[in-house]
Colleague: 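After the structure tokens below, expect a handful of questions from me.
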Amino acid sequence: MASNPTEVVTPTITTPRATLRPYRADDEQVFQALFQDEQVNHFVLYRKSATPEMIQALFQRILHDVYAERRFAVWAVECDGQFAGHAEIKPSRADDIDGWEIVYMLAKAHWGKGLATEIAERISEYGFKELGLDEIYATIYMDNKASKAVATKLGYELVKVRKEENAEVCIYRKTIA
């Protein structure tokens, strides 16, 4: 990897239909609802049930640690002025990924409309152009057909499958063109 950003300020960025902006304190309730939705959470690497206290602690870490220490970019996703989801680009903590990865999750009302593709494409562009990365990863559960299709459509290539405790995880990688 040619670049390893040490300070990342989360900017507001846009897609044709969405605005990705830093979280605000008044987003906590919608953040909680998204992370507590079992259908949404089924496809996220946090897959295990999270208590409201755990989700609140995560939200507070984003506001007070991630942003303050400029660790990585994490966004609230809005469509038509309404909260629609969550997105990130961050250094991977997985032993078998040496680089940054994208993360996105949408409220069910926004599934199946191509919005995930827009968001993943824009986050990837941000990583390559603004952060100077030369490769980006996406870690996707084997049963998440929609996100696997998004990754493939955007030029991410499957590089390995990792077996975890209760599932298989696909590791996709995209390199700068």
Side-chain angles (χ1 to χ4, degrees), residues 5 7-93 100-131 136-141 143-151 153-154 156 169 172:
E7 284 195 5
V8 178
V9 176
T10 301
T12 296
I13 59 178
T14 60
T15 76
R17 295 181 291 162
T19 298
L20 286 70
R21 60 159 177 81
Y23 278 101
R24 301 181 302 246
D26 64 347
D27 291 320
E28 187 168 2
Q29 186 175 7
V30 291
F31 182 90
Q32 281 268 356
L34 181 70
F35 276 77
Q36 285 182 314
D37 185 306
E38 289 182 21
Q39 287 182 307
V40 172
N41 206 22
H42 174 77
F43 292 116
V44 179
L45 296 179
Y46 307 111
R47 192 176 270 227
K48 298 170 181 73
S49 295
T51 66
E53 293 78 19
M54 292 167 65
I55 298 167
Q56 180 183 31
L58 174 61
F59 186 77
Q60 293 303 316
R61 276 195 307 277
I62 290 168
L63 286 183
H64 302 293
D65 298 338
V66 173
Y67 289 154
E69 297 171 17
R70 299 177 176 191
R71 292 183 188 171
F72 54 88
V74 56
W75 295 276
V77 177
E78 287 185 345
C79 290
D80 299 321
Q82 300 295 313
F83 182 82
H86 172 88
E88 309 176 6
I89 185 167
K90 64 182 183 177
S92 177
R93 296 185 311 183
W100 287 57
E101 66 181 326
I102 60 170
V103 176
Y104 55 88
M105 55 196 291
L106 294 173
K108 290 181 297 192
H110 300 281
W111 288 6
K113 299 177 181 177
L115 190 58
T117 302
E118 279 183 32
I119 292 166
E121 182 174 41
R122 183 63 182 97
I123 295 169
S124 299
E125 177 184 286
Y126 171 80
F128 290 130
K129 291 183 178 177
E130 273 66 57
L131 298 181
I136 299 172
Y137 292 85
T139 306
I140 304 168
Y141 273 106
D143 63 346
N144 190 341
K145 294 176 184 168
S147 282
K148 287 172 26 181
V150 166
K153 181 176 184 177
L154 295 178
Y156 281 78
V169 177
Y172 287 83

Colleague: Apply salt bridge (charged side-chain N to carboxylate O under 4.0 Å, His left out) to Lys108 and list each qualifying residue two or more places apart in sequence or on a separate chain.
Modeller: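 Partners of Lys108 under the salt bridge (charged side-chain N to carboxylate O under 4.0 Å, His left out) test: Asp37.
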Colleague: Tyr156 and Ser124: side-chain donor and acceptor closer than 3.5 Å?
Modeller: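 Yes, because at least one side-chain N or O of Tyr156 sits under 3.5 Å from a partner of the opposite role on Ser124.
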Colleague: Kindly write out the residues that satisfy salt bridge (charged side-chain N to carboxylate O under 4.0 Å, His left out) with Glu125, not counting sequence neighbours, or none if the list is empty.
Modeller: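 Arg122.
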Colleague: Partners of Thr12 by side chain to side chain donor-acceptor pair (under 3.5 Å), sequence neighbours excluded?
Modeller: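 Per chain and number, Thr12 pairs via side chain to side chain donor-acceptor pair (under 3.5 Å) with no residue.
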Colleague: Can you name the side chain to side chain donor-acceptor pair (under 3.5 Å) partners of Thr10, sequence neighbours left out?
Modeller: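 For Thr10, no residue satisfies side chain to side chain donor-acceptor pair (under 3.5 Å) once neighbours in sequence are set aside.
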Colleague: Applying side chain to side chain donor-acceptor pair (under 3.5 Å), name anything that partners Tyr67, two or more places apart in sequence or on another chain.
Modeller: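 Scan of Tyr67 (side chain to side chain donor-acceptor pair (under 3.5 Å), adjacent residues dropped) gives none.
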Colleague: Could you list the residues that satisfy side chain to side chain contact (heavy atoms under 4.5 Å, CB included) with Gln32, not counting sequence neighbours?
Modeller: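 In terms of side chain to side chain contact (heavy atoms under 4.5 Å, CB included), with neighbours along the sequence ignored, Gln32 is linked to Glu28, Gln36, Pro52, Ile55, Gln56.
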Colleague: Under the rule for side chain to side chain donor-acceptor pair (under 3.5 Å), what residues qualify as partners of Asp65, not counting sequence neighbours?
Modeller: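 Asp65 satisfies side chain to side chain donor-acceptor pair (under 3.5 Å) with no other residue.
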Colleague: Mind listing the side-chain donor-acceptor pairs of residues 75-85 below 3.5 Å, one per line with the distance, residues two or more places apart or on another chain?
Modeller:
from: Trp75; atom 1: NE1; to: Pro11; atom 2: O; distance (Å): 2.7
from: Glu78; atom 1: OE2; to: Arg21; atom 2: NE; distance (Å): 2.8
from: Glu78; atom 1: OE2; to: Arg21; atom 2: NH2; distance (Å): 3.0

Colleague: Who are the side chain to side chain contact (heavy atoms under 4.5 Å, CB included) partners of Ala120, not counting sequence neighbours?
Modeller: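 With sequence neighbours excluded, Ala120 shows a side chain to side chain contact (heavy atoms under 4.5 Å, CB included) to Ile102, Tyr104, Val150, Leu154, given in chain and number order.
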Colleague: Please enumerate all residues that pass ring-ring contact (aromatic ring centres under 6.0 Å, His included) together with Phe59, with sequence neighbours excluded.
Modeller: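 With neighbours one apart ignored, the set is Tyr23, Phe31.
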Colleague: Per the salt bridge (Lys or Arg N to Asp or Glu O under 4.0 Å) rule, which among Lys153, Lys113, Arg17 passes with Glu118?
Modeller: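 Of all the options given, the one that passes is Arg17.
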Colleague: Should Tyr141 and Lys148 count as side-chain neighbours, where that means a heavy-atom distance under 4.5 Å?
Modeller: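 No - every pair of side-chain heavy atoms lies 4.5 Å or more apart.
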